[in-house]
Amino acid sequence: MTVRVERVVEVPADRDAVWSFVADPDQRARAISVVRDYEEAADGTTTWHVALPIPVIDRTIAVETEETAREAPRYVSFVGRSRAMRVRGEHELDATDGGTRLTSRFTVDGRLPGVERYFQGRLDEELDNLEGALAAHLGIDAGEIA
């Protein structure tokens, strides 16, 4: 089973300001609750150390993450691979009269038992975390992102 989520929100900030957050691998990693640590390599890849509270995993898992597309300031996509899962994410930004329409899509393909079930119930919460971190980055109240 594959878990997918898509969310479209209106952000009261210009597209360049929103782009500075979603295009930054550090910002994305810090916003995800299960990421315990991360490190950037000179080649632009990022390794996320993920702790999933499921029985078959008793330590953090290294998820090698790399961007697969970047069209500043409109679109960025990335993929993360590990023995436990494959994660695909993308952010699409469209300028609007009141700011920016941000469309975020995430797909998780579990490779170990329990991974997909864990994310099935929590992927929406992770998008909430991402939006909260974006609001903090922009210096606005999270309730302003609708």
Side-chain angles (χ1 to χ4, degrees), residues 1-53 57 59-112 115-146:
M1 177 175 79
T2 299
V3 180
R4 291 182 177 87
V5 66
E6 177 177 318
R7 186 179 293 177
V8 179
V9 295
E10 299 292 328
V11 183
D14 68 57
R15 187 167 62 172
D16 288 337
V18 177
W19 174 257
S20 71
F21 178 85
V22 299
D24 182 345
D26 287 341
Q27 297 285 2
R28 292 192 307 253
R30 279 187 262 159
I32 305 301
S33 70
V34 293
V35 175
R36 295 296 174 250
D37 195 13
Y38 60 93
E39 48 201 50
E40 285 187 81
D43 65 0
T45 61
T46 304
T47 301
W48 294 8
H49 299 280
V50 175
L52 297 178
I57 300 175
R59 59 182 165 72
T60 61
I61 301 217
V63 180
E64 302 297 326
T65 306
E66 66 179 320
E67 284 188 6
T68 54
R70 177 184 279 254
E71 300 168 23
R74 194 192 77 67
Y75 181 81
V76 64
S77 65
F78 58 93
V79 63
R81 295 175 185 93
S82 75
R83 68 176 182 87
M85 70 186 124
R86 178 184 168 124
V87 179
R88 290 181 305 272
E90 60 185 317
H91 299 289
E92 188 172 345
L93 293 81
D94 295 301
T96 65
D97 288 340
T100 304
R101 180 177 303 109
L102 172 62
T103 303
S104 299
R105 295 176 193 94
F106 288 91
T107 303
V108 177
D109 294 312
R111 296 181 176 168
L112 292 176
V115 170
E116 289 167 341
R117 185 177 311 124
Y118 173 81
F119 280 107
Q120 184 175 24
R122 292 179 179 82
L123 214 44
D124 259 342
E125 292 173 29
E126 296 299 348
L127 280 173
D128 290 342
N129 294 341
L130 194 68
E131 290 168 15
L134 172 60
H137 174 78
L138 296 171
I140 63 174
D141 185 85
E144 295 181 60
I145 296 177

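Count residues from 1 along the sequence.
With 3.5 Å as the limit, one finds a donor-acceptor pair spanning the side chains of S77 and T68. Judged by distance alone, the side chains of E126 and S33 do bring a donor and an acceptor atom under 3.5 Å apart.
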Evaluate side chain to side chain contact (heavy atoms under 4.5 Å, CB included) for L127 paired with S104, printing each intermediate quantity in order.
-> CA-CA 8 Å; L127 280 173; S104 299; 3.9 Å; yes
Verdict with supporting geometry, L52 and V115, side chain to side chain contact (heavy atoms under 4.5 Å, CB included) | CA-CA 8 Å; L52 297 178; V115 170; 4.1 Å; yes
Take V79 and E66 through the test side chain to side chain contact (heavy atoms under 4.5 Å, CB included) and record every step on the way to the result.
-> CA-CA 6 Å; V79 63; E66 66 179 320; 4.0 Å; yes
Go through E6 and T103 one step at a time and tell me if the side chain to side chain contact (heavy atoms under 4.5 Å, CB included) criterion holds.
-> CA-CA 7 Å; E6 177 177 318; T103 303; 3.9 Å; yes
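In this view, R117 satisfies the side chain to side chain contact (heavy atoms under 4.5 Å, CB included) rule with no residue, not counting sequence neighbours. Residues satisfying the side chain to side chain contact (heavy atoms under 4.5 Å, CB included) test with D14, not counting sequence neighbours, are D16, A17. Every residue meeting the side chain to side chain contact (heavy atoms under 4.5 Å, CB included) condition with V9, not counting sequence neighbours, appears here in chain and number order: R7, V11, L102, E131, I145. Every residue two or more places apart in sequence or in another chain that forms a side chain to side chain contact (heavy atoms under 4.5 Å, CB included) with A41 is listed here: D43, T45. Residues passing the side-chain hydrogen bond (donor to acceptor under 3.5 Å, both in side chains) test with E10, sequence neighbours excluded: R101. Checked against salt bridge (charged side-chain N to carboxylate O under 4.0 Å, His left out), E64 has no partners two or more places apart in sequence or in another chain. In terms of the ring-ring contact (aromatic ring centres under 6.0 Å, His included) criterion, residue partners of H91 (sequence neighbours excluded) are, by chain and number, F106. Take E144 and apply the salt bridge (charged side-chain N to carboxylate O under 4.0 Å, His left out) test, not counting sequence neighbours, and it matches no residue.
Side-chain contact between P12 and I140 is present, with heavy atoms from C-beta onward closer than 4.5 Å. No side-chain heavy atom of Y118 sits under 4.5 Å from any side-chain heavy atom of V3. Residues I57 and L112 meet the side-chain proximity criterion, which asks for heavy atoms closer than 4.5 Å. Put simply, the side chain of N129 does not reach to within 4.5 Å of the side chain of I32, judged on heavy atoms.
The ring-ring contact (aromatic ring centres under 6.0 Å, His included) contacts involving residues 6-42 comprise F21-H137, where partners must be two or more places apart or lie in separate chains. Note on residues 70-79: pairs passing salt bridge (Lys or Arg N to Asp or Glu O under 4.0 Å), not counting sequence neighbours, are E67-R70, E71-R74, R74-E92. Note on residues 30-41: no pairs pass salt bridge (Lys or Arg N to Asp or Glu O under 4.0 Å), not counting sequence neighbours.
Across all their heavy atoms, A62 and S82 have their closest contact at O-CB, 3.2 Å. Taking both residues in full, the closest heavy atoms of A31 and A133 are given as CB-CB, 3.8 Å, listed atom of the first, atom of the second, then distance. Of all the heavy atoms in P73 and L93, the pair that sits closest is O-CB, 3.8 Å.
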Counting only pairs under 3.5 Å, give me each side-chain donor-acceptor contact of residues 83-90, with atom names and distances, residues two or more places apart or in other chains.
| residue | atom | partner | partner atom | Å |
| --- | --- | --- | --- | --- |
| R88 | NH1 | D109 | OD2 | 2.9 |
| R88 | NH2 | D109 | OD2 | 3.4 |
| E90 | OE1 | Y75 | OH | 2.4 |

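Side-chain atoms of T100 come within 3.5 Å of backbone atoms of R15 as a donor-acceptor pair (strictly under, hydrogens ignored).
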